[in-house]
Amino acid sequence: MQPDWRSLTPHRPLGVDDARYAPPPNQVARRLADTVLSGVATVLVGGPVGVGKSTELAHAAKLLQRERVACLVQLDRFENMRELTPERAQLRAAGALADLAIGPLGLRISTALTSTLRKSGLLESSLLGQRPSEAMELSAGVTLRALIDEVAKASRQGRVALLIDGLEKAGEAATAVLQAFGALAESVDLVAVVPWQAVYGPRAADVMRPGEKLAVMQAVPVDGADGKEGRAFLARVLEARLGMTEGSLAPEGLARSLLADHSVPGPFFEFVLHAAELSGGLPRMFLQLVADAGTYARQTWGTDWPVVQPHLQEAARDMEASFLRALLPGDTDALRLVDGTDGREMDLARKVRLLAHAILLERTEKGRTVMRPHPLVRPLLTPEPQAAP
């Protein structure tokens with residue numbers, strides 16, 4: 001088969017019913033769904049960029065569908081997150097819930113609520129099959145709360161779960177938006193992806209309330225014997241995105257070959273193994289490395305399948321340069337000092353920034369949480385040799 005590297009789309013999360021979903025070894029989506037079903041009304045999800053938060057949130061919505069009216073609200077797909085207000089976020093959530101209720105679920109929604117959403121540009125008249133109403137427009141909070149109550153009563157599940165994605169891009173506005181949604185905690189289950197600064201350090205008290213759960217997604221281990229499952233997971237992600245069928249490249253398939261105890265067969269398998277290790281276990285970064293290397297192979301060398309040298313080497317060099325541009329004065333020394341520690345001594349603002357951008361990764365090693373520089377950042381921490389006098 002001739003690979004279509006454009007199909008990897010590293011920055012595009014998978015949707016609720018996307019058949020290309022590959023579960024990570026730590027089963028994040030399942031754990032999120034089980035946490036909600038256990039009675040935890042609010043779950044806040046944090047993690048570095050590219051770790052798969054949006055994809056796992058979408059799959060959690062799918063897993064919840066039998067027990068909840070599970071509505072995925074992708075704020076960053078439609079809103080300018082830097083200008084997001086609590087009212088606009090609530091209206092967007094109401095629009096997504098109404099669309100789910102009227103469309104796939106086939107429920108009837110009161111005219112007063114649909115009128116507010118239509119006037120806000122979040123619901124089309126053609127979807128409703130009725131003429132616009134002259135009913136009084138309701139506030140965002142009242143509309144969302146009333147809609148949740150209506151949908152819960154009319155549905156067989158009897159309870160709504162809102163899965164809010166994109167707030168990690170909202171900056172300072174995220175706290176106010178979360179507080180607005182938090183006011184609904186008695187009538188709705190809430191799972192929200194949030195920025196690091198909303199849950200890390202003393203400011204977490206402004207967001208986290210008693211009974212709420214924080215779930216921090218870590219990149220899967222990809223180094224050594226402990227990283228075997230992580231490397232196979234990334235291989236499954238690649239197979240799914242490329243539309244590979246099992247056995248298309250090897251009798252056991254790409255992922256199974258990486259899980260096997262024998263050495264990795266063939267140059268492309270070696271390439272996938274090295275790309276997985278260089279990604280630090282971040283699916284988006286892994287897909288970007290593969291896509292960039294595949295593009296180099298085809299455009300510069302005229303080959304369909306990339307190999308470690310020179311294709312992956314070139315792709316890694318590009319990504320290393322992007323990390324270098326993101327480093328600020330003092331970061332290099334700080335990363336050296338925090339390597340292998342729990343990170344408590346690092347300046348909080350610096351730590352939050354480095355974690356959010358995956359420059360610094362939170363790892364679990366021998367049962368304890370430690371900080372590690374990303375594999376592509378580590379070479380940048382080695383002091384350059386000084387010229388002889």
Side-chain angles (χ1 to χ4, degrees), residues 8-16 18 20-36 40 42-64 70-79 81 84 89 92-93 96 161-171 173-175 177-178 181 189-200 204 207-208 212-222 230 233-234 237 240-241 279-288 352-364 374:
L8 297 184
T9 57
H11 292 81
R12 185 177 301 167
L14 301 183
V16 173
D18 200 312
R20 297 174 296 169
Y21 175 75
N26 49 10
Q27 298 288 329
V28 175
R30 170 54 64 188
R31 291 193 291 111
L32 290 176
D34 287 347
T35 301
V36 170
V40 179
T42 302
V43 184
L44 304 180
V45 183
V49 61
V51 76
K53 300 184 294 295
S54 296
T55 293
E56 292 302 308
L57 197 70
H59 194 65
K62 181 176 183 178
L63 296 176
L64 284 167
C71 178
L72 180 63
V73 184
Q74 298 168 304
L75 293 174
D76 55 334
R77 296 286 185 92
F78 306 100
E79 300 290 336
M81 298 305 293
L84 185 69
R92 179 61 65 182
L162 295 177
L163 295 96
I164 312 295
D165 193 19
L167 278 180
E168 74 274 20
K169 302 174 184 176
T175 299
V177 173
L178 281 171
F181 279 112
D189 293 321
L190 183 69
V191 184
V193 175
V194 295
W196 276 107
Q197 57 265 33
V199 295
Y200 222 110
V207 178
M208 296 287 291
E212 296 181 347
K213 176 78 172 179
L214 172 62
V216 177
M217 283 185 62
Q218 293 184 355
V220 296
V222 288
F233 158 64
L234 293 177
V237 170
R241 294 270 178 137
S279 74
L282 298 169
R284 182 188 300 177
M285 198 165 294
F286 169 73
L287 291 174
Q288 192 66 61
V352 167
R353 175 174 55 81
L354 295 177
L355 285 169
H357 290 88
I359 295 172
L360 186 65
L361 297 175
E362 202 175 71
R363 298 290 197 189
T364 300
H374 189 279

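Shortest non-hydrogen contact noted between Gly15 and Ala58 is C-CB, 3.8 Å. Considering every non-hydrogen atom in both Ala60 and Leu32, the closest pair reads CB-CB, 4.2 Å. Closest approach of Glu56 and Val28 over heavy atoms only: OE1-CB, 3.6 Å. Taking both residues in full, the closest heavy atoms of Gly280 and Leu361 are given as O-CD1, 3.8 Å, listed atom of the first, atom of the second, then distance. Across all their heavy atoms, Ala356 and Trp196 have their closest contact at CA-CD1, 3.1 Å. When every heavy atom of Val73 is checked against every heavy atom of Ala93, the shortest pair comes out as CG1-CA, 3.7 Å.
You'll find the side chain of Leu355 stays beyond 4.5 Å of the side chain of Pro48, heavy atoms only. Looking at heavy atoms from C-beta onward, Val191 lies out of side-chain contact with Thr35 at the 4.5 angstrom threshold.
Rounding to the nearest 0.5 Å gives a distance of 4.0 Å between CZ of Phe181 and CD1 of Ile164. Atom CG of Leu360 and atom CZ of Arg353 lie 10.5 Å apart (nearest 0.5 Å). A distance of 5.0 Å separates NE2 in His11 from CZ in Arg284, rounded to the nearest 0.5 Å. Here the OG1-CG distance, from Thr42 to Leu178, works out to 9.5 Å after rounding to the nearest 0.5 Å. Rounding to the nearest 0.5 Å gives a distance of 10.5 Å between CD of Gln74 and CG of Leu163. Between the CG atom in Leu64 and the CG atom in Asp34 there is a gap of 8.5 Å [rounded to 0.5 Å].
Panel note: side chain Arg363, backbone Ala219; a donor-acceptor pair is recorded below 3.5 Å.
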Check the pair Leu14 / Arg241 against side chain to side chain contact (heavy atoms under 4.5 Å, CB included), numbers first and verdict last. CA-CA 10 Å; Leu14 301 183; Arg241 294 270 178 137; 3.5 Å; yes
Under the criterion side chain to side chain contact (heavy atoms under 4.5 Å, CB included), I'd like the reasoning laid out for Leu282 against His374: C-alpha separation, chi angles, the key distance, then a yes or no. CA-CA 10 Å; Leu282 298 169; His374 189 279; 4.1 Å; yes
